A.B. asks: 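Got a structure for you, written out below as structure tokens; questions coming shortly.
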Amino acid sequence: MTLLDEAKKVAAEFEYTAEDVNRGVKAFISQMAVPNGTEKGLYLAVDLGGTNFRVCSIQLHGNTTFSLTQSKVAIPRELMVAKTSKELFSFLALQIENFLRTHHNDHFESHLQRHKSGSQIKSEEIFQLGFTFSFPVNQIGINRGTLARWTKGFDIDDAVGKDVCQLLQSEIDALHLPVKVAALVNDTVGTLMARSYTSPGKTGTLLGAIFGTGTNGAYVEKLSKVTKLADMKESTYDKSTGNMIINTEWGSFDNSLSVLPSTPHDTALDADSVNPGIQMFEKRVSGMFLGEILRRAMLSLVSSPTAQLFQDADSSTNDENSTTTIAPDSALYKQWGVDTSFLSLVQADTSPGLGVIRQTLARDLGVDAASAEDAAAVKVLVEAIGRRSARLSAVAIAAIVISTGNSEGTAKRGEGDEDDVVDIGVDGSLVEYYPGFEGYMREALREVEGLGDRGEKRIRIGIAKDGSGVGAALIALVAAKAEGGGG
Ligand code: BGC
């Protein structure tokens, strides 16, 4: 063999065919963390939010659509403040078992049989599960993260500092479920992912935000601006997109109250909470707290010598010709007694006599025969509390739009262009059910220097319904692919 022949033989080993190139491109795209709608497969997701625990299985069809099967249970109050984390996490694992028995029983039973007979379990038989855990964690890996602190009324001491994925996996294993906790996801990150999967047009989504029981946002930041990474080894994170998703935990914005507004009711609510001094932004914005702020504001008017809410003894001003009474066991006198859904209802009543408000006062709060003036007063309070919440929400959104350089349209893009858009995915009971929440938010966005009318118009806000579940499934998919399994 001549030298040249030898060289050609070696050279042939470097051959990288067109087919290889295309396979490479596909694999590369599928490993980039932000989904584009082509992902496929069946994944499990669980979502521990503030109020409910959801279990779902999600079939991604690969064409930006998905089908979702889900079950939801209210988290029992006593588990939120349990003595040990085991009490909470074993309850969660049990819900996953119930879900599998109801919706994927064949798969579940055959797995149990194999487990009993001691035969080898193949990795593709294991459901990859995305765990949406909507509390602050120090995330140290795709499926590892230690709880930094509880929020939203949860208070289980022994969980703080522990890896919440491991806590869940142990209880799943104790029940021999064919489930691997593959990814740990904050609900805002899930919402961002889900919106990226479903959002119209070619614009990427900038921000995923929750305005529900709690509030928080996660956004896409340039890697170069993430200074925290300087301390991390490059190999521990993926640099390929040049971006990183930042979970801001904005619920704790301005805990020192240097710019946040405060009323005596905010101050009292905080002092009586399980976590005084933290989540101060959240305590003025999110659903868990608005009812309690309103309750305290109403009580202050009940006991005010001049205002006298619900004190109408004058039958001439009271349509029912009766005296207004507050039941001694009224929810008005109980901490957390007023639900945020009450505010939504009040805000929605635009009838001349405010009949719905008066009926609801009687039904939910034990306030009988409230006058039209009482109802109007309650409505004034509700509008003020709801509007402040929405305007504060606008502060967080505007800050992120501006700081990421998205407040101005780029020169290439003209006003009204399909891609002259800043896309935001939102979820949560406030944005979904509180009438006019987005309107109030937009009003404030227009007032922000550096946004104005034009900037506000460019912001497209879309509900990412069930976003956190779908997003968690998408991330479980990415994690499984990175490991070379699942999908
Ligand atoms: C939690 C966040 C979460 C938000 C919305 C806050 O209380 O700290 O992690 O994203 O609630 O659920």
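Atoms within a ligand are numbered from 1 in the order they appear, just like the ligands themselves. Treat the numbers as computed from the prediction; the structure is a model and nothing was measured.
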A.B. asks: Using a 3.5 Å cut-off on N or O atoms only, is Thr188 in polar contact with ligand 1?
C.D. replies: no

A.B. asks: With ring centroids as reference points, do Phe99 and His103 lie under 6.0 angstrom apart?
C.D. replies: yes

A.B. asks: Which of the atoms of ligand 1 are close to Asn216, meaning less than 4.0 Å from one of its heavy atoms?
C.D. replies: 2 (C), 3 (C), 4 (C), 9 (O), 10 (O)

A.B. asks: Any atoms of ligand 1 less than 4.0 Å from a non-hydrogen atom of Glu282? List them with their elements.
C.D. replies: 6 (C), 7 (O), 11 (O)

A.B. asks: Is there a polar contact between ligand 1 and Asp187, counting only N or O atoms under 3.5 Å apart?
C.D. replies: yes

A.B. asks: If you measure only the distance, is there a donor-acceptor pair under 3.5 Å linking the side chains of Tyr219 and Glu221?
C.D. replies: yes

A.B. asks: What about the rings of Phe127 and Tyr43, do their centers lie closer together than 6.0 Å?
C.D. replies: no

A.B. asks: Quick one: which of Gly251, Ser134, Gly50 has a heavy atom closest to atom 1 (C) of ligand 1?
C.D. replies: Ser134

A.B. asks: Counting only heavy atoms not in Asp272, do more than 12 fall under 6.0 Å of its CG?
C.D. replies: yes

A.B. asks: Looking at Pro136, which atoms of ligand 1 are within less than 4.0 Å of one of its heavy atoms?
C.D. replies: 8 (O), 9 (O)

A.B. asks: Do Thr84 and Glu87 have side-chain atoms, one donor and one acceptor, less than 3.5 Å apart?
C.D. replies: yes

A.B. asks: Suppose I only count heavy atoms of Thr151 and a 4.0 Å limit; which atoms of ligand 1 are within that range?
C.D. replies: 1 (C), 6 (C), 7 (O), 8 (O)

A.B. asks: Looking only at side chains, do Thr191 and Ser468 share a donor and an acceptor under 3.5 Å apart?
C.D. replies: no

A.B. asks: I need the nearest protein heavy-atom contact for atom 11 (O) of ligand 1: residue, atom name and distance, please.
C.D. replies: Lys152 NZ, 3.0 Å

A.B. asks: Hydrogens and angles aside, do Asp254 and Ser258 bring a side-chain donor and acceptor to less than 3.5 Å of each other?
C.D. replies: yes

A.B. asks: Show, in sequence, the C-alpha distance, side-chain angles and deciding distance for Thr340 and Met288, and conclude whether the side-chain contact (heavy atoms from CB on, under 4.5 Å) test is met.
C.D. replies: CA-CA 7 Å; Thr340 299; Met288 170 161 180; over 6 Å; no

A.B. asks: Is the closest heavy atom of Gly212 to ligand 1 under 4.0 Å?
C.D. replies: no

A.B. asks: Between Asn186 and ligand 1, which part of the residue brings a heavy atom under 4.0 Å of the ligand: side chain, backbone, both or neither?
C.D. replies: side chain

A.B. asks: List ligand 1 atoms under 4.0 Å from Glu249, heavy atoms only on the residue side.
C.D. replies: 1 (C), 2 (C), 8 (O), 9 (O)

